[in-house]
2 protein chains.
Amino acid sequence: LSGALKIAVAGLGTVGAGVLQLLERNGAVLRQRCGRDIRVTAVSARDRARDRGVNLRDVAWFDDAVAMAREADAEVVIELIGGSDGPARAVCEAAIGAGRHVVTANKALIAMHGTAIARMAEGAGVALGYEAAVAGGIPIIKALREGLAANNVTSLYGILNGTCNYILSAMRDSGREFADVLAEARTLGYAEADPGFDIDGVDAAHKLAILTSVAFGCEVDFDGVYIEGIRHVSAQDIAFATELGYRIKLLGIARRVDHGIEQRVHPCMVDEETPIAHVEGVFNAVVVEGDFVDSTVYQGRGAGAGPTASAVVADIVDIARGARIPTFAVPASALEKLPAAPMDRHRGAYYIRLMVVDRPGVFADVAAALRDEQVSMESILQRTRDPDGAVPVVMTTHDTEEAAMKRALARFAALDTVVEPPRMIRIESLMK
Amino acid sequence: LSGALKIAVAGLGTVGAGVLQLLERNGAVLRQRCGRDIRVTAVSARDRARDRGVNLRDVAWFDDAVAMAREADAEVVIELIGGSDGPARAVCEAAIGAGRHVVTANKALIAMHGTAIARMAEGAGVALGYEAAVAGGIPIIKALREGLAANNVTSLYGILNGTCNYILSAMRDSGREFADVLAEARTLGYAEADPGFDIDGVDAAHKLAILTSVAFGCEVDFDGVYIEGIRHVSAQDIAFATELGYRIKLLGIARRVDHGIEQRVHPCMVDEETPIAHVEGVFNAVVVEGDFVDSTVYQGRGAGAGPTASAVVADIVDIARGARIPTFAVPASALEKLPAAPMDRHRGAYYIRLMVVDRPGVFADVAAALRDEQVSMESILQRTRDPDGAVPVVMTTHDTEEAAMKRALARFAALDTVVEPPRMIRIESLMK
């Protein structure tokens, strides 16, 4: 391990620049911790002229990132281009093909093709690092793959998208509606111009699929994730959640159930006494429950140049120190193909809000629909009266099967007295 | 790595039995994750007859743990005897001397002799694992040493003793006094019969000294830790803390300052909006601030057979997988000897409570004492009136030097109108 570890970086956007700045600024301590230098020998980026705040004079520039991955004088290729296919994937495959280690921050790539790329890398005897793909600077992949390796994980869940958590926190703080807060988040730079990827839950689902694989030793199965975003969460639901002792969070949840692996991303009501209820703003948090360790919580910034660079370089440090751990905790060839548990068979409690005309008999109709679908009600409340307009009726259920709940919702929607589509948010019962 | 990894276990108390149970129960998943079996070949414990819930028929029993460490058919020796010297230390040194890896849960040993033992281990080319010595099942050593290895740590702090956190949480919930809650904690098994080690802050200081070394690359310096326990925290102070928007926690805090390393364990008032304010009961939490990653938080059970076994076996898994990381993140030979920053030079804000006779002129005396020591007051309040008895006067200061604060406290104590020794609790300004 005595020589410098040579690395080539594909993609010099915010994160790429952050990685280069970190390597330069913390070079001395990295040398001590790795027992060798980490040296950037090649980069590839569209714009050669932009000032990235680092000295790139002695570095080879490549116009073609794939050519760099194949030909650069480097043992490690860092992929920071992004996207689940196209050049990002080509760079990783070319690097592995040429016997080079790969470190990537690309969650879409690992969520869509993680199993295949890991098998390729392990077949070639090289490392595939992707700590930065999940939860930014929080070393959650390392925690799952190594720190908690003695446990059978029973469940894991987390706040995996900072944009959604920022919006939900701001809605709760201000009492404002989703669209209003989203517009503000865009102005502040907490949401992209095209925010669908975040607010529709796709980004959180990418991360969840990766975590699931590491935690449960199964193939990465993004298609098996049930996904529901936060567009339908209203100020009214947030106010009712508070009244009921809950906070609304977009969670990614994975657990082993009788019929396979359940992976789901959707808004949840969580008890305000749980640790995750207090994770506000752009922060991410992951809770892992293991059979021996019980519950552990990991929290930090889920995005940004600094935290992401911290995770990318942690993977480089592992490689520089000679650590070789199976990509997803067990050899990629041994990853199980586990069936995705159908969401219809999910069991849990539910919060339902109906907008009803305020007249006698409404409760009887609602109760009859629940009885017919054998859904057991825990509470029902109607706070406001308005004989001329629509008023909210809110109820919570005991644990029930999702399919039954959906049938009950269809019955509610068909009632004359229900004047808006019913709103449903799942209540998650979590460890305090 | 194809053969089984053979291990010898010294000490079969609660944690030792937990380790053996874990290895038996999770053998299949451990084999997958390590690519080889982990096999217990030898044990040493006083009582051979006790049922530990595992099959020990094919295991060699040693009466002398040191002889086992030297002679057993094992590559790894697990030290679970406890104590900073005596047999525990002898076992570790004998194992290293015989070229065997060592894994220990012994915080006192690592806090007192960590640097020397790490140098011995690295000189012999063997691993020294001590994840279980700090914060139970939370993989905080791995997070600091590997997951955050790209960062210069700027500060770290944490709730490192579950007994103290349980007592402070229970005092706050119930409004009861320390002695009362401590007695209850003993009955419930949350406090030892001789609780001094916990409530006087020594246990937390052991853990802090270890964390400091990993985070800052310096020799383990337990003697450099300023230690103050929780015996003097009263129900009244907890009530005032709540009124001021704080919670009282026993924290261990380490940071690099101009004149060396500051390490301190003492009760702190922390803003109720910080993540650590919500860590209640027997849970532990550690916050690490790094120059790139910003703030990350790690939370979980800090004690107990299951969580401790999880950490011990995580170290064994690392060894089984062939990982060799410097014990304290940098080679032990390169650990710096950094001077301990004297507590007198600590700067921070303070909460002071005086019990005074309720008559005109008291505030003027107090203000004069602060002026004479150049301590700048932030707020002062006297809620109750009692012309015949003593009433509390509570104040908070702006940032000031500890030495000046102590001189002001001596002046308060000397005032005729102050009828009890002044109480002081430091206010920590932490990231939200």
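Every chain is numbered from 1, with letters handed out A, B, ... down the list of sequences.
Ring geometry for H278(B) against H278(A) counts as parallel: the plane angle stays under 30°, on a 0 to 90° scale with 60° as the upper cut.
Among the candidates A149(A), A311(A), A143(A), the residue making the largest number of heavy-atom pairs closer than 4.5 Å to chain B is A149(A). Your options are A309(A), S295(A), G306(A), G300(A), and the one with the most heavy-atom pairs under 4.5 Å with chain B is G306(A). Between chain B and the options E131(A), Q21(A), R25(A), R145(A), the largest number of non-hydrogen pairs under 4.5 Å is found for R25(A). Most heavy-atom pairs under 4.5 Å with chain A, from the set I316(B), T296(B), V293(B): that is V293(B). For the options A314(A), S310(A), G137(A), heavy-atom pairs under 4.5 Å to chain B are most numerous at S310(A).
In Y190(B), the OH atom is not crowded: 12 or fewer heavy atoms of neighbouring residues, nucleotides or ligands sit closer than 6.0 Å. For R39(B), the CZ atom sits in a loose shell: 12 or fewer heavy atoms of surrounding residues, nucleotides or ligands are nearer than 6.0 Å.
Contact of the P275(A) side chain with the Q299(B) side chain is registered, since non-hydrogen atoms from C-beta on lie closer than 4.5 Å. Side-chain contact between E146(A) and R321(B): present, with at least one pair of heavy atoms (C-beta onward) separated by less than 4.5 Å.
A donor-acceptor contact closer than 3.5 angstrom is absent between the side chains of N151(B) and N26(A).
If you measure heavy-atom distances from L148(A) to chain B, the contacts under 4.5 Å come from both the backbone and the side chain. Both the backbone and the side chain of N152(A) come within less than 4.5 Å of a heavy atom in chain B. If you measure heavy-atom distances from F328(A) to chain B, you find no contacts under 4.5 Å at all. Both the backbone and the side chain of D291(A) come within contact range of chain B, judged by heavy atoms closer than 4.5 Å. In this structure, chain B has heavy atoms under 4.5 Å from both the backbone and the side chain of L22(A). Heavy atoms of Q32(B) lying under 4.5 Å from chain A belong to its backbone as well as its side chain.
Taking OH of Y298(A) as the start and CD1 of I138(B) as the end, the distance is 7.5 Å to the nearest 0.5 Å.
When all heavy atoms of L30(B) and A150(A) are compared, the pair lying nearest together is CD2-CA, 3.9 Å. Shown here for P139(B) and G147(A), the closest heavy-atom pair between the two residues is CB-CA, 3.7 Å.
Put simply, the side chain of R33(B) never gets that close to the backbone of V330(A): no donor and acceptor are under 3.5 Å apart.
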